[in-house]
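Throughout, a chain's letter reflects where its sequence line sits, starting with A, and its residues are numbered from 1. Because the structure is predicted, anything quoted here is derived from the model rather than measured.
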Number of protein chains: 2
Amino acid sequence: MGLQTASNSPYRYQDSHLELDFVRKQASLDSHRLTLTRKEYDLLALLVENAGEIIPRPVLLQRVWGYSDEIRTRTLDVHVRRLRKKLGSYSEQYIETIFGIGYRFQPFRASQRFAGLGASPLAVGA
Amino acid sequence: MGLQTASNSPYRYQDSHLELDFVRKQASLDSHRLTLTRKEYDLLALLVENAGEIIPRPVLLQRVWGYSDEIRTRTLDVHVRRLRKKLGSYSEQYIETIFGIGYRFQPFRASQRFAGLGASPLAVGA
DNA sequence: GCGAACTTGTAAAAATTTTGTAAAAACGGG
DNA sequence: CCCGTTTTTACAAAATTTTTACAAGTTCGC
């Protein structure tokens with residue numbers, strides 16, 4: 001055995017709609033190639049690599065743009081918007097805005113169910 | 001491991017219009033001999049050998065010209081242009097510009113590719 | 001609930017970067 | 001020298017990125 005499927009390779013992300021190849025730096029949505037600019041890809045890749053986790057704005061600006069905390073810019077918002085556009089109807093589910101903090105990528109879930117009865121999905125610790 | 005169909009030798013590339021003989025270092029388009037200069041051939045051969053893969057500009061400049069990353073030159077662009085000219089009407093399909101990264105040779109296809117992400121070894125690393 | 005202060009969304013313009021192109025200059029073997 | 005090849009130059013065109021300006025949404029104190 002020892003077979004490693006594409007879906008659990010560390011060089012690749014895959015869910016039912018979105019696919020990312022971190023080596024070739026390419027993404028596809030529903031088996032259709034997504035044409036992303038460099039910055040768009042970098043941003044998406046960083047979010048996807050940390051799927052399920054909130055990435056604060058300063059961290060995104062640091063890791064994708066190399067910006068220190070002092071710089072005031074709206075380019076992150078604009079890039080998020082363009083990414084969402086290219087993600088089409090899934091964008092709302094994929095890229096989540098954490099107000100006052102940053103953004104979070106969530107893997108696709110077929111049924112947008114709330115996380116059971118006990119734990120609130122809003123418990124983000126911020 | 002890469003399958004090798006019987007019709008293809010590693011010393012030769014062939015699709016419905018373009019043919020390259022890596023041993024004789026000759027190319028032909030629609031069965032008509034292409035007269036390429038040495039650099040033109042080297043560039044085309046490198047692209048074709050990695051068909052379907054993006055080759056970053058620094059890699060092309062290194063492998064064809066021996067240039068290190070510091071050197072600023074436009075000779076790659078000029079050579080790509082001359083290659084495209086000699087490839088005639090197919091040039092747009094064959095040699096693709098990956099903005100901000102490099103170039104990619106695509107084998108001729110009557111209908112444009114639909115596939116998502118294929119697994120392939122050559123790293124982009126840009 | 002209301003409103004001020006702050007944050008994010010959005011569209012469009014502006015700025016920047018990258019590539020395309022033509023032509024001239026430089027190179028190099030014969 | 002010649003002549004074909006290669007490289008540089010200078011500018012145009014294209015693509016990307018950032019900024020700007022304002023709309024819309026959120027938080028929080030009162």
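- With rounding to whole Å, Glu40(B) atom CD is found 11 Å from dG4(D) atom C1'.
- Nearest-nucleotide assignment on DNA chain C puts the 5′-proximal partner with Thr97(A), out of Lys85(B) and Thr97(A).
- Asp77(A) has its CG atom 16 Å from the P atom of dG25(D), to the nearest Å.
- Comment: Arg57(A) engages Asp77(A) in a salt bridge, judged by a side-chain N to carboxylate O separation of less than 4.0 angstrom.
- For Thr73(A), whose side chain is taken as the heavy atoms from C-beta onward, the closest listed nucleotide among dT8(D), dG20(C), dT19(D) is dT19(D).
- Between Tyr90(B) and Tyr94(B), the two ring planes are perpendicular [angle over 60°; tilted spans 30° to 60°].
- In this structure, Arg38(B) atom CZ and dG4(D) atom C1' are separated by 13 Å, rounded to whole Å.
- Between Asp42(A) and Arg38(A) there is no salt bridge, since no side-chain N of the basic residue sits under 4.0 Å from a carboxylate O of the acidic one.
- Rounded to whole Å, atom P of dA14(D) lies 15 Å from atom CZ of Arg74(B).
- The nucleotide whose nearest atom lies closest to any side-chain atom of Val78(B) is, among dT8(C), dT18(D), dT8(D), dT8(D).
- Taking atom OH of Tyr103(A) as the reference point, atom C1' of dT26(D) lies 13 Å away to the nearest angstrom.
- As a whole-Å value, the separation of Arg72(A) CZ from dT18(D) C1' is 11 Å.
- Among the nucleotides dT19(C), dG9(C), dT19(D), the one closest to any side-chain atom of Thr75(A) is dT19(D).
- In this structure, CH2 of Trp65(B) is placed 15 Å from P of dT5(D), rounded to the nearest angstrom.
- The listed nucleotides are dT8(D), dT5(D), dG20(C); the one nearest the side chain of Thr37(B) is dT5(D).
- Residue contacts shown for Arg82(B) include a base, since a base heavy atom lies under 4.0 Å away.
- One finds a salt bridge joining Arg82(B) and Glu40(B) here, because a Lys/Arg side-chain nitrogen approaches an Asp/Glu carboxylate oxygen to under 4.0 Å.
- Out of dT8(C), dG20(C), dT6(D), the shortest distance to the side chain of His79(B) is found at dT6(D).
- Rounded to whole Å, the distance from CG on Leu76(A) to P on dG9(C) is 9 Å.
- Separation of the Phe105(B) and Tyr13(B) ring centroids falls under the 6.0 Å cut-off.
- Across dT26(D), dT8(D), dT18(D), the shortest atom-to-atom separation from the side chain of Phe99(A) is found for dT26(D).
- Side-chain nitrogen and oxygen atoms of Arg57(A) include none within less than 4.0 Å of the OP1 or OP2 phosphate oxygen of dT7(C).
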